[in-house]
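Down below is the structure, laid out as structure tokens.
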Amino acid sequence: MSDHPERSFFERPVTAVAPDMLGMVLACGDRAGRIVEVEAYGGADDPASHGHRGRTPRNEVMFGPPGHLYVYFSYGMHWCANVVCEPDGRCGAVLVRALAPLQGIEDMWADRPKARRQRDLCSGPAKLTAALGIAGDHNGVDLIDPTSPVSLRQGDVAPAGHATSARIGISAATDRPWRWYTPGDPNVSRPPR
DNA sequence: AAATTGATTCAT
DNA sequence: TGAATCAATTTT
């Protein structure tokens, strides 16, 4: 189990792919982390999704082939990374919300000067992009191609289990338990304030 | 509780 | 052309 997933792995509903992404490894250059928290975002039927009002230049990648990276700029200062799911033409992506740092941790510290403890490095969607060096120029890259600057692979150990909750930081469709995380992992971002 | 920060989108 | 929104983080 250290291979890259088949594209068909992502060619499924976002709510099916999301829990399966816990334990996978997201890598950028020499830096990598194990996914411990994700959220699913759909298409026209999901009012919290960037794609719910149709295709635009920003969300274009969400409608494209699965297994690609959708990176968007948030709150005027942060980058967030999503894995595109669903068949080509359908809108959907899984937001990566937190990682357990695995490799390149010294480089992560350099790009996360505010972090005090190791669990501060990647415990949030914008923290982990800063820690890994993911930004807008990575939008649309193929995560399955191991030669891509950003790639996704299966982890060495399967997580013991997972828990769900409502998604964080949204105001619509808050009744959907579309957030999945590894219980007890110190790198999971904090619950809503 | 509030500042920070700017692209995106929808409404005039 | 303008205003509201925003899958957030940090400090007060």
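Model, not experiment: these values are computed from the prediction. To find a chain, count down the sequence lines: A is the first, B the second, and so on, and within it residues start at 1.
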Rest of the hydrophobic cluster containing Val36(A) (Ile/Leu/Val/Met/Phe/Trp/Tyr, side-chain heavy atoms under 4.5 Å)? Tyr181(A), Val188(A)
Reckon Arg116(A) touches a base, only the sugar-phosphate, or nothing at all at heavy-atom distances under 4.0 Å? nothing
With rounding to the nearest 0.5 Å, note down the distance linking OG in Ser165(A) to CH2 in Trp178(A). 13.5 Å
Heavy-atom side-chain proximity of Val71(A) to Thr129(A) below 4.5 angstrom: no
Are Tyr41(A) and His50(A) an aromatic pair by the rule of ring centers under 6.0 Å? no
What residues from residues 121-131 of chain A pass a heavy-atom cutoff of under 4.0 Å to DNA chain C? Gly124(A), Pro125(A), Ala126(A), Lys127(A)
DNA chain C contacts among residues 31-58 of chain A, heavy-atom distance under 4.0 Å: Tyr41(A), His50(A)
Rounded to the Å, how far apart are [X] [atom1] and [N] [atom2]?
{"X": "Asn59(A)", "N": "dC10(B)", "atom1": "CG", "atom2": "P", "result": "9 Å"}
{"X": "Arg179(A)", "N": "dA8(C)", "atom1": "CZ", "atom2": "P", "result": "11 Å"}
{"X": "Tyr70(A)", "N": "dA7(B)", "atom1": "OH", "atom2": "C1'", "result": "11 Å"}
{"X": "Lys114(A)", "N": "dT10(C)", "atom1": "NZ", "atom2": "P", "result": "7 Å"}

What pairs with [X] under side chain to side chain contact (heavy atoms under 4.5 Å, CB included), at least two apart in sequence or on another chain?
{"X": "Asp145(A)", "value": "Asp142(A), Thr147(A), Ser148(A)"}
{"X": "Pro149(A)", "value": "His138(A), Val141(A)"}
{"X": "Asp120(A)", "value": "Ala115(A), Arg116(A), Arg117(A)"}

Is any side-chain nitrogen or oxygen of Arg112(A) closer than 4.0 Å to OP1 or OP2 of dT10(C)? yes
Per-residue pairing states of DNA chain B in dot-bracket (Watson-Crick or G-U under 3.5 Å; . unpaired, | other strand) read ||||.||||||.
Quick one: is the NZ or CZ of Arg12(A) closer than 6.0 Å to the six-membered ring centre of Phe9(A), and within 45° of its axis? yes
Using centres under 5.5 Å plus planes under 30 degrees as the test, is Tyr75(A) stacked with dT4(B)? no
Residues from residues 76-99 of chain A sitting under 4.0 Å of DNA chain B, heavy atoms only? Gly76(A), Met77(A)
Audit row: Asp46(A), Arg176(A), salt bridge (charged side-chain N to carboxylate O under 4.0 Å, His left out) steps and yes/no: CA-CA 10 Å; Asp46(A) 181 5; Arg176(A) 300 185 193 184; 3.8 Å; yes
Phe73(A), nearest nucleotide to its side chain (from dT10(C), dC6(C), dG6(B)): dG6(B)
For dA8(C), measure the glycosidic angle (O4'-C1'-N9-C4 for a purine, O4'-C1'-N1-C2 for a pyrimidine) and name it syn if it falls within 90° of 0, otherwise anti. anti
Side-chain atoms of residues 74-86 of chain A: list all donor-acceptor pairs with protein atoms under 3.5 Å, sequence neighbours left out, distances to 0.1 Å.
from, atom 1, to, atom 2, distance (Å)
Asn82(A), ND2, Tyr70(A), O, 3.1
Glu86(A), OE1, Arg90(A), NE, 3.1
Glu86(A), OE2, Val14(A), N, 3.1

Listed by chain and number, what are the salt bridge (Lys or Arg N to Asp or Glu O under 4.0 Å) partners of Arg53(A), not counting sequence neighbours? none
When the side chains of residues 93-110 of chain A are checked against the rest of the protein, which donor-acceptor pairs come out under 3.5 Å, sequence neighbours left out?
from, atom 1, to, atom 2, distance (Å)
Arg97(A), NE, Glu37(A), OE2, 2.8
Arg97(A), NH2, Ser189(A), OG, 3.3

Under a single-linkage definition using a 4.5 Å side-chain heavy-atom cutoff for Ile, Leu, Val, Met, Phe, Trp and Tyr, are Leu121(A) and Met24(A) assigned to the same hydrophobic cluster? yes
I want to confirm an ordering. Mapping Asp120(A) and Ile170(A) to their closest nucleotides on DNA chain C, which one lands closer to the 5' end? Ile170(A)
Who passes side chain to side chain donor-acceptor pair (under 3.5 Å) against Arg55(A), sequence neighbours left out? Glu60(A)
